[in-house]
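Before any comments, here is the structure.
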Amino acid sequence: MKTLRVPATVASLVAVAEFVGGAVAVAGLGDKDAYRLRLAVDELITNVITHGYPPASAGEIELHSSVSDGWVLFLIVDFGTEFDPTSGHRPIPVVDPDDLPVGGFGLSLARMSADRLIYERVGGLNRTIVVVRRSGRDLVAHDDRRPPWMS
């Protein structure tokens with residue numbers, strides 16, 4: 001498992017993208033799966049940066065990646081305001097993109113991009129798990145190589 005810890009700032013999105021790119025390369029993901037993983041993680045991290053910490057505070061985000069035969073998994077840990085990205089749903093309307101309001105659809109995109117999105121609040125921490133299945137592979141119910149926090 002690989003780990004990255006970054007400040008909760010927009011400037012950190014570059015390091016996050018590189019970190020996700022490393023997992024994509026290790027996993028040998030195809031373009032479609034790589035895009036889905038990048039989109040989900042980027043939207044979730046951007047949400048933490050934008051809404052997770054009060055404007056003047058210096059928050060951090062931890063990312064952990066794990067690759068298995070059938071899936072790629074990211075654990076996003078932040079120490080900010082409690083927020084469950086799996087709750088609620090704001091459907092993306094089918095309209096001309098120029099008519100869409102700015103913002104508000106990132107979490108819907110993240111949920112649609114991941115094969116599984118899990119949230120838990122543990123000891124004052126937000127833990128969001130993003131699972132993207134590698135094309136042509138099934139999620140295995142009991143994979144001994146899963147990290148202990150994956151249920």
Output for pair (L4 CG, I76 CD1), nearest 0.5 Å, gives 11.0 Å

Q) Is there side-chain contact between F83 and D78, with heavy atoms separated by less than 4.5 Å? A) no

Salt bridge (charged side-chain N to carboxylate O under 4.0 Å, His left out) filter on R36, not counting sequence neighbours, yields D33, D115

Hits for side chain to side chain contact (heavy atoms under 4.5 Å, CB included) against V14, two or more places apart or cross-chain, chain-then-number order -> E18

Those residues at least two apart in sequence (or on a different chain) that pass side chain to side chain contact (heavy atoms under 4.5 Å, CB included) with A27 are L29, V67, V72, R134

Distance col, row I118:CD1 vs D84:CG, nearest 0.5 angstrom, shows 11.5 Å

The complete set of ring pair (Phe, Tyr, Trp, His ring centres under 6.0 Å) pairs with one or both residues in residues 22-46, sequence neighbours excluded, reads none

Sequence neighbours excluded, the answer for side chain to side chain contact (heavy atoms under 4.5 Å, CB included) partners of T50 is T46

Looking at side-chain heavy atoms only, is the closest gap between T128 and L117 below 4.5 Å?
yes

What one should report as the nearest heavy-atom pair of A110 and L44 is CB-CG, 4.0 Å

With no hydrogens and no angle check, is any side-chain donor or acceptor of R116 less than 3.5 Å from a backbone partner on R133? no

Checklist entry - Less than 4.5 Å apart, any side-chain heavy atom of L63 and any of V41? => result yes

With sequence neighbours left out, the residues meeting side chain to side chain contact (heavy atoms under 4.5 Å, CB included) with T3 are H64

Sorted by chain and residue number, the ring pair (Phe, Tyr, Trp, His ring centres under 6.0 Å) partners of F19 (sequence neighbours excluded) come out as F74

In short, salt bridge (Lys or Arg N to Asp or Glu O under 4.0 Å) pairs touching residues 44-53 with sequence neighbours left out are none

When every non-hydrogen atom of V132 is compared with those of S113, the smallest separation belongs to CG2-O, 4.3 Å

Report task. Return yes if some donor-acceptor pair links the side-chain N/O of T81 with the main-chain N/O of G52 below 3.5 Å, else return no. Result -> yes

Sorted by chain and residue number, the side-chain hydrogen bond (donor to acceptor under 3.5 Å, both in side chains) partners of S12 (sequence neighbours excluded) come out as T9

Across all chains, not counting sequence neighbours, the side-chain hydrogen bond (donor to acceptor under 3.5 Å, both in side chains) partners of R5 are E60, E62

With a 4.5 Å heavy-atom cut-off, do I49 and L13 have their side chains touching? yes

Answer whether the closest heavy-atom distance between the side chains of V77 and N126 falls below 4.5 Å.
no

Here the ring pair (Phe, Tyr, Trp, His ring centres under 6.0 Å) pairs for residues 106-134, sequence neighbours left out, are none

